[in-house]
Trainee: 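Take this structure first; my questions come after.
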Amino acid sequence: MKRNKFEQIVTHLIENGFVFQGSEIYDGLSNTWDYGPLGNNVKNNISNYWWQKFVTESRLNVGIDAAILMNPRVWETTGHLKNFNDPLIDCKNCKVRHRADELINKSKPELEVEGLSDSELDALIKEHKIKCPNCGVSDFTDIRKFNMMFKTHIGPVEGSQNAVYLRPETAQGVFVNFRNVQRTMRKKIPFGIANIGKAFRNEITPGNFIFRTREFTQMELEFFCEPGTDEKWFEYWKDYCLTFVEDLGVKKDNLRFRDHTPAELSFYSKATVDIEYLFPFGWGEIWGIANRTDYDLKGHIDATGAKFVYRDPMTNEEYIPYCVEPSVGLDRLLLMVLVDSYDVEQVDGQDRIVMRLAPHLAPYQVSVLPLVKKLSPKAEELFSMLAKKFTVSYDESGSIGRRYRRQDQVGTPFCVTVDFETLDDESVTVRERDTMSQERIKISELEAYIRSKVEL
RNA sequence: GCAGGUGUAGUUCAAUGGUAGAACAUUAGCCUUCCAAGCUAAAUACGCGGGUUCGAUUCCCGUCACCUGCUCCA
């Protein structure tokens, strides 16, 4: 079996401690993945960089960390309980799956399907002998609901009264805290609230490694602005996000914007644009920037009477803020960065695998290598010094050339080699991943030298 | 969930109805070792369960996982 490039990359990531299959020794659990030491480092680097750019460096934004479990009424308000309840139906003849309401709509547009129960939909399909658009036969299974929210319960006893859901998006944790944050931080519109956290969706079909999983990390900013300025801010954040993605070091040819057509717009969104990346398996959405208008705040006001109406202190004008939401999946950014940096080149007739990760994202920025094991004490000393400033690995096993290649494989941009001269003159060899070039640097100047190359 | 495909050391591949070999990788040792050198050792596999059989990694069934579609989405 010939392996495609994506399979090669996945194998490489698993073999080098970036990602492991979840619960592997128990035969795994479908589409769960654990991040190994290296993948975790890269993920944290991306996540920290996002927080740096969207919160720390922003005069307008602040960040929170909202709970995963929320009062289930939140999901009634947002429509998730209703909209994540798709009535699915399978054709027994050709095995193609359909949505029951859409199935009826397509062949009998005159029939009203809005608000019908499953059994009523079932009855309509039988009564009008609706045919499968794929094979033309009218022979379907019963409707089955596929709730995309993970359900659990509070307390020791399971029951419908105490049902709660794992949040399917982090955004609502921000919206319900709009007033808390605005008041305590004394924020004036426009301002944004950021949140990084896990979300859970019981996807019908996950896949493509860590691209679509049922448990994933979202990094979201809910940016609140005055109605009428929303389109301006939409454009602003759209550009800001693209710049962010480009700073992750991926090839620009592999990036594009894609506007959602009116037909595919979410019911809550006035406009949505995706930043997409060209994965080996095709274009995939990385980042969605949505104009959510006042849908969310208004919904919570209507349901609870929350004081989410904002009074402009200058004009005394009152309004419900509009929200522009850049929402990105951390796992997808990670996959993008890892896939994009993977490179195989020929050196002296041998394959050289190099992860050309941006230095600020690499799992290790520096590796300290004693030329021979006798030099380990000096190298360990150097490791301790550098580890206070950078992420550093240490390797004393095998020939120096082999160790350079090992570091290339996991994307370490700089290797620092301790040799016998080091003992005499306090200098080391700094070897660069991308150029394979070497330079002699004094230990006293090492930190500044590496810092100048690692920082953006 | 449905349809199709795949499943042997860490990886890539062999062989076989009588319980498995290699290459590379890994670990240890030799070597004043700067781009996967060499030499000497070591460790590691038939996804799981059941059936047929004297005996199953091999045949059958089930299951689990992964890949490709259908659907959904960050």
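Lettering follows sequence order; numbering is per chain, from 1. Because the structure is a prediction, the values reported are computed rather than measured.
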Trainee: Quick check against the 3.5 Å criterion: does A:Thr391 have a side-chain atom that pairs as donor or acceptor with the backbone of A:Gln365?
Mentor: yes
Trainee: Please state whether the rings of A:His300 and A:Phe175 are parallel, tilted or perpendicular, taking 30° and 60° as the class boundaries.
Mentor: tilted
Trainee: Checking all strands, does A:Thr217 fall into the base, sugar-phosphate, or nothing category for heavy-atom contacts under 4.0 angstrom?
Mentor: nothing
Trainee: Please state how far atom CD in A:Glu276 lies from atom C1' in B:rC73, giving the value in whole angstrom units.
Mentor: 12 Å
Trainee: Please report the distance separating the C1' of B:rG17 from the corresponding atom of B:rU26, rounded so that it comes out in whole Å.
Mentor: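 Roughly 34 Å separates the two C1' atoms.
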Trainee: Check the distance between B:rC31's C1' and A:Lys373's NZ and give it to me in whole angstrom.
Mentor: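 About 12 Å, once rounded to whole Å.
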Trainee: In whole Å, what separates the P atom of B:rG4 from that of B:rU63?
Mentor: 13 Å
Trainee: Both A:Asn208 and A:Ser327 contact RNA chain B. Taking the nearest nucleotide for each, which residue is further toward the 5' end?
Mentor: A:Asn208
Trainee: List for me each residue that meets ring pair (Phe, Tyr, Trp, His ring centres under 6.0 Å) alongside A:Phe18, sequence neighbours excluded, and say none if there are none.
Mentor: none
Trainee: What's the NZ-P distance between A:Lys374 and B:rG29, to the nearest Å?
Mentor: 13 Å
Trainee: Taking A:Glu345's backbone N and O only, do any of them form a donor-acceptor pair with A:Arg352's side chain (distance below 3.5 Å, no angle check)?
Mentor: no
Trainee: Does A:Arg201 make a side-chain donor-acceptor contact with the base of B:rA74, cut-off 3.5 Å?
Mentor: yes
Trainee: With a 3.5 angstrom cut-off on both distances, give the Watson-Crick or G-U wobble partner of B:rU44, or none if there isn't one.
Mentor: none
Trainee: Rounded to whole angstrom, note down the C1' distance from B:rA22 over to B:rC59.
Mentor: 27 Å
Trainee: Would you classify A:Ile286 as touching base, sugar-phosphate or nothing, given that sugar-phosphate means primed atoms plus P, OP1 and OP2, and contacts are heavy atoms under 4.0 Å?
Mentor: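 Sugar-phosphate, no base atom in range.
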Trainee: When the aromatic ring centroids of A:Phe281 and A:Phe211 are compared, is their separation below 6.0 Å?
Mentor: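 When the ring centroids of A:Phe281 and A:Phe211 are compared, they turn out to be within the sub-6.0 Å range.
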Trainee: Between the base of B:rC34 and the side chain of A:Gln438, is there any donor-acceptor pair under 3.5 Å?
Mentor: yes
Trainee: Using salt bridge (charged side-chain N to carboxylate O under 4.0 Å, His left out) as the criterion, point out the one residue from A:Arg431, A:Arg402, A:Arg403 that pairs with A:Asp408.
Mentor: A:Arg431
Trainee: Taking atom P in both B:rG51 and B:rC67, compute the distance separating them and give it to the nearest angstrom.
Mentor: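 Between the two P atoms, the distance is 32 Å.
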Trainee: Between A:Arg433 and A:Gln407, is there a donor-acceptor pair closer than 3.5 Å when you use the side chain of the first and the backbone of the second?
Mentor: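 No; judged by distance alone, with no hydrogens or angles, the pair does not exist.
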Trainee: When you compare B:rG47 with B:rU8, how far apart are their C1' atoms, in angstrom units rounded to a whole number?
Mentor: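 Result for the C1' pair: 10 Å, nearest Å.
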Trainee: Phosphate oxygens OP1/OP2 of B:rU26: is one of them under 4.0 Å from a side-chain N or O of A:Arg406?
Mentor: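 Looking at the OP1 and OP2 atoms of B:rU26, one of them is under 4.0 Å from a side-chain N or O of A:Arg406.
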Trainee: Using whole Å, report how far CD of A:Glu396 lies from P of B:rG29.
Mentor: 9 Å
Trainee: Touch check for A:Val372, heavy atoms < 4.0 angstrom, all strands: base, sugar-phosphate only, or nothing?
Mentor: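 Since a base atom lies under 4.0 Å of A:Val372, the category is base.
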Trainee: Looking for any heavy atom pair under 4.0 Å, which part of the strands does A:Gln218 touch: base, sugar-phosphate only, or nothing?
Mentor: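 A:Gln218: backbone/sugar contact only, no base atoms under 4.0 Å.
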Trainee: Need the pair for B:rG49. Rule: Watson-Crick or G-U wobble, both distances under 3.5 Å, any strand; none if unpaired.
Mentor: B:rC61
Trainee: With side-chain contact (heavy atoms from CB on, under 4.5 Å) as the test, pick out the partner of A:Thr217 among A:Ile46, A:Leu333, A:Ile196.
Mentor: A:Ile196
Trainee: Of the candidate nucleotides B:rC34, B:rU11, B:rU32, which contains the atom at the shortest distance from the side chain of A:Thr11?
Mentor: B:rU11
Trainee: CG of A:Asp419 versus P of B:rC34: gap in Å, rounded?
Mentor: 10 Å
Trainee: How far, in whole Å, is B:rA23 from B:rC61 if one measures between their C1' atoms?
Mentor: 36 Å
Trainee: Phosphate oxygens OP1/OP2 of B:rA37: is one of them under 4.0 Å from a side-chain N or O of A:Ser399?
Mentor: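 Checking B:rA37 against A:Ser399, a side-chain N or O does come within under 4.0 Å of OP1 or OP2.
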Trainee: Over all strands shown, is A:Thr213 touching base, sugar-phosphate only, or nothing at heavy-atom distances under 4.0 angstrom?
Mentor: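 Here A:Thr213 touches the bases of the nucleic acid.
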Trainee: Can you check whether any acceptor in the base of B:rC34 is under 3.5 Å from a donor in the side chain of A:Thr417, or vice versa?
Mentor: no
Trainee: B:rU33 phosphate, OP1 or OP2: any side-chain N/O from A:Arg402 under 4.0 angstrom?
Mentor: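 Checking B:rU33 against A:Arg402, no side-chain N or O comes under 4.0 Å of OP1 or OP2.
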Trainee: Got a list of protein N/O to nucleotides 63-66 of chain B N/O distances below 3.5 Å?
Mentor:
| unit_1 | atom_1 | unit_2 | atom_2 | d |
| --- | --- | --- | --- | --- |
| B:rC64 | O2' | A:Asp27 | O | 3.0 |
| B:rA65 | OP1 | A:Ser30 | N | 3.3 |
| B:rA65 | O4' | A:Asp27 | O | 3.3 |
| B:rA65 | O3' | A:Gln21 | NE2 | 3.2 |
| B:rA65 | O2' | A:Gln21 | NE2 | 2.8 |
| B:rC66 | OP1 | A:Asn31 | N | 2.5 |
| B:rC66 | OP2 | A:Ser30 | OG | 3.4 |

Trainee: Using atom CD of A:Glu7 as one end and atom P of B:rU12 as the other, report the distance to the nearest whole Å.
Mentor: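 Rounding to the nearest Å, CD of A:Glu7 and P of B:rU12 are 10 Å apart.
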Trainee: Describe the nucleic acid contact of A:Glu432 in one word from base, sugar-phosphate, nothing, applying a heavy-atom distance below 4.0 Å.
Mentor: nothing
Trainee: Can you tell me the distance, in whole Å, between the OH atom of A:Tyr404 and the P atom of B:rA36?
Mentor: 11 Å
Trainee: Determine which nucleotide pairs with B:rA9, using a 3.5 Å limit on both distances of a Watson-Crick or G-U wobble pair.
Mentor: none
Trainee: Only pairs with both distances under 3.5 Å count, Watson-Crick or wobble alike; so what is the partner of B:rA25 in this structure?
Mentor: none
Trainee: In whole angstrom, give me the gap between the C1' atoms of B:rA45 and B:rC13.
Mentor: 13 Å
Trainee: Go through the N and O atoms of the side chain of A:Arg431 and the base of B:rC34, and report whether any donor-acceptor pair is under 3.5 Å.
Mentor: no
Trainee: When the nearest nucleotide of RNA chain B is assigned to A:Gln350 and to A:Gly329 on a heavy-atom basis, which residue is associated with the more 5' position?
Mentor: A:Gln350
Trainee: In this structure, how many angstroms lie between the C1' atom of B:rU11 and the CD1 atom of A:Ile353, rounded?
Mentor: 11 Å
Trainee: Do A:Arg332 side-chain and B:rC73 base share a donor-acceptor contact under 3.5 Å?
Mentor: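 A donor-acceptor contact between them is present.
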Trainee: Could you tell me which nucleotide pairs with B:rA15 by Watson-Crick or G-U wobble geometry, both distances under 3.5 Å, or answer none if nothing does?
Mentor: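 Base partner found: none.
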Trainee: Would A:Ile275 and A:Ile289 count as a side chain to side chain contact (heavy atoms under 4.5 Å, CB included) here? Give the steps.
Mentor: CA-CA 8 Å; A:Ile275 298 175; A:Ile289 298 107; 4.2 Å; yes
Trainee: Do A:Phe244 and A:Tyr49 make the cut of ring centroids closer than 6.0 angstrom?
Mentor: yes
